[in-house]
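Reviewing the structure listed below.
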Amino acid sequence: MSGARRILIATHNPGKLREFAALLAPLGFEAVGAGAMGLAEPDETADDFAGNARLKALAAAQAAGMPAMADDSGLCVAALGGGPGVFSARYAAGDYPAAFGRIIAACAAAGEWRARFVCALCLARPEGTAATFIGQAHGVIAPAPRGAGGFGYDALFVPDGHELTYAQLGPEVKDMISHRARAFAQVAARLAAGVA
Ligand code: IMP
């Protein structure tokens with residue numbers, strides 16, 4: 001996109017990169033993926049979403065010498081005591097259908113289907129400054145996965161006020177209501193003001 005300011009998105013997850021690119025484009029920013037820049041993925045050693053987002057954003061900004069944004073996100077299921085939370089990717093270990101089955105079984109056993117997605121989004125500069133914002137989306141676990149769109153746990157999560165899962169709602173709706181969109185709304189004001 002000509003004339004767009006570039007911002008590094010510190011993720012190797014194509015689903016997240018696509019969502020951030022869609023959110024940033026209307027603000028005149030071009031999203032560049034960490035993979036395209038040849039950046040390594042730092043270990044997520046913090047014990048909360050905000051800590052992991054901060055360490056990923058700072059590492060990327062300093063390695064690339066440009067402003068970077070990172071998110072750390074996950075699904076917190078009431079029947080799992082808030083898990084898998086920061087361990088969401090590791091909980092699935094690449095086999096989402098199996099993870100869906102474990103989550104549905106836990107919810108059914110507890111008779112408790114509430115869940116929330118959380119996104120911590122950190123905007124960092126190469127000089128070492130960073131600001132972190134949190135977005136949440138509350139909802140329920142679907143009794144069976146539904147929908148082919150999206151990524152990760154999208155097929156399992158029905159946001160409050162909707163009957164369909166994130167996967168069924170598709171990017172047009174998800175990008176307006178998601179945990180990531182809510183965190184991003186707070187960042188957008190900063191970017192628009194030229195604080196990035
Ligand atoms: P992270 O890269 O450590 O933040 O991993 C977050 C993990 O949480 C992803 O790999 C997914 O499993 C899950 N996750 C986070 N956001 C979403 C979403 O919007 N839809 C579906 N799954 C998500």
Side-chain angles (χ1 to χ4, degrees), residues 8-24 31 33-35 39-60 68-77 80 82-104 106 115-124 132-142 144-160 162 164-185 187:
L8 176 62
I9 308 300
T11 182
H12 288 71
N13 178 328
K16 285 186 183 179
L17 180 60
R18 183 199 60 74
E19 290 188 8
F20 281 122
L23 290 164
L24 283 163
L39 298 182
E41 251 178 314
D43 289 336
E44 297 181 13
T45 50
D47 57 10
D48 62 12
F49 294 110
N52 281 328
R54 183 182 163 84
L55 71 84
K56 286 190 276 190
L58 277 171
M69 200 161 74
D71 94 327
D72 196 58
S73 51
L75 180 66
C76 302
V77 179
L80 293 174
V86 292
F87 302 110
S88 292
R90 283 165 272 183
Y91 181 81
D95 187 350
Y96 280 93
F100 295 168
R102 294 196 298 275
I103 290 172
I104 290 166
R116 69 195 159 100
F117 263 117
V118 180
C119 173
L121 194 46
C122 180
L123 197 55
T132 307
F133 306 89
I134 307 283
Q136 298 195 61
H138 294 269
V140 293
I141 296 298
R146 298 196 308 259
F151 71 97
Y153 297 93
D154 275 353
L156 207 58
F157 183 73
V158 180
D160 285 349
H162 295 266
L164 303 177
T165 64
Y166 266 177
Q168 292 172 304
L169 288 168
E172 296 77 16
V173 176
K174 184 185 173 189
D175 289 351
M176 287 193 293
I177 63 166
S178 77
H179 49 305
R180 194 162 295 107
R182 288 179 179 165
F184 186 79
V187 172

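Indexing begins at 1, ligand by ligand and atom by atom, following the structure's order. Every heavy atom of this structure was used, including side-chain atoms; hydrogens, water molecules and symmetry mates were not.
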Residues 87-100 side chain polar contacts: donor-acceptor under 3.5 Å, at least two apart:
from, atom 1, to, atom 2, distance (Å)
Ser88, OG, Leu75, N, 2.9
Ser88, OG, Gly85, O, 2.7
Asp95, OD1, Ala98, N, 3.2

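Counting heavy atoms from C-beta outward, Leu55 and Asp43 have side chains that stay 4.5 Å or more apart.
Relative ring orientation between Tyr166 and Phe117 is described as parallel, the plane-to-plane angle staying below 30° on a 0-90° scale split at 30° and 60°.
Contact residues of ligand 1 (protein heavy atom closer than 4.0 angstrom to a ligand atom; sorted by chain and number): Lys16, Glu44, Lys56, Asp72, Ser73, Gly74, Ser88, Ala89, Tyr96, Phe117, Phe151, Gly152, Tyr153, Asp154, Lys174, His179, Arg180.
Applying the side-chain hydrogen bond (donor to acceptor under 3.5 Å, both in side chains) test to Arg54 and every residue at least two apart in sequence or in another chain returns nothing. By the side-chain hydrogen bond (donor to acceptor under 3.5 Å, both in side chains) test, Asp154 pairs with Lys174, sequence neighbours left out.
The aromatic ring centres of Phe157 and His179 sit 6.0 Å or more apart.
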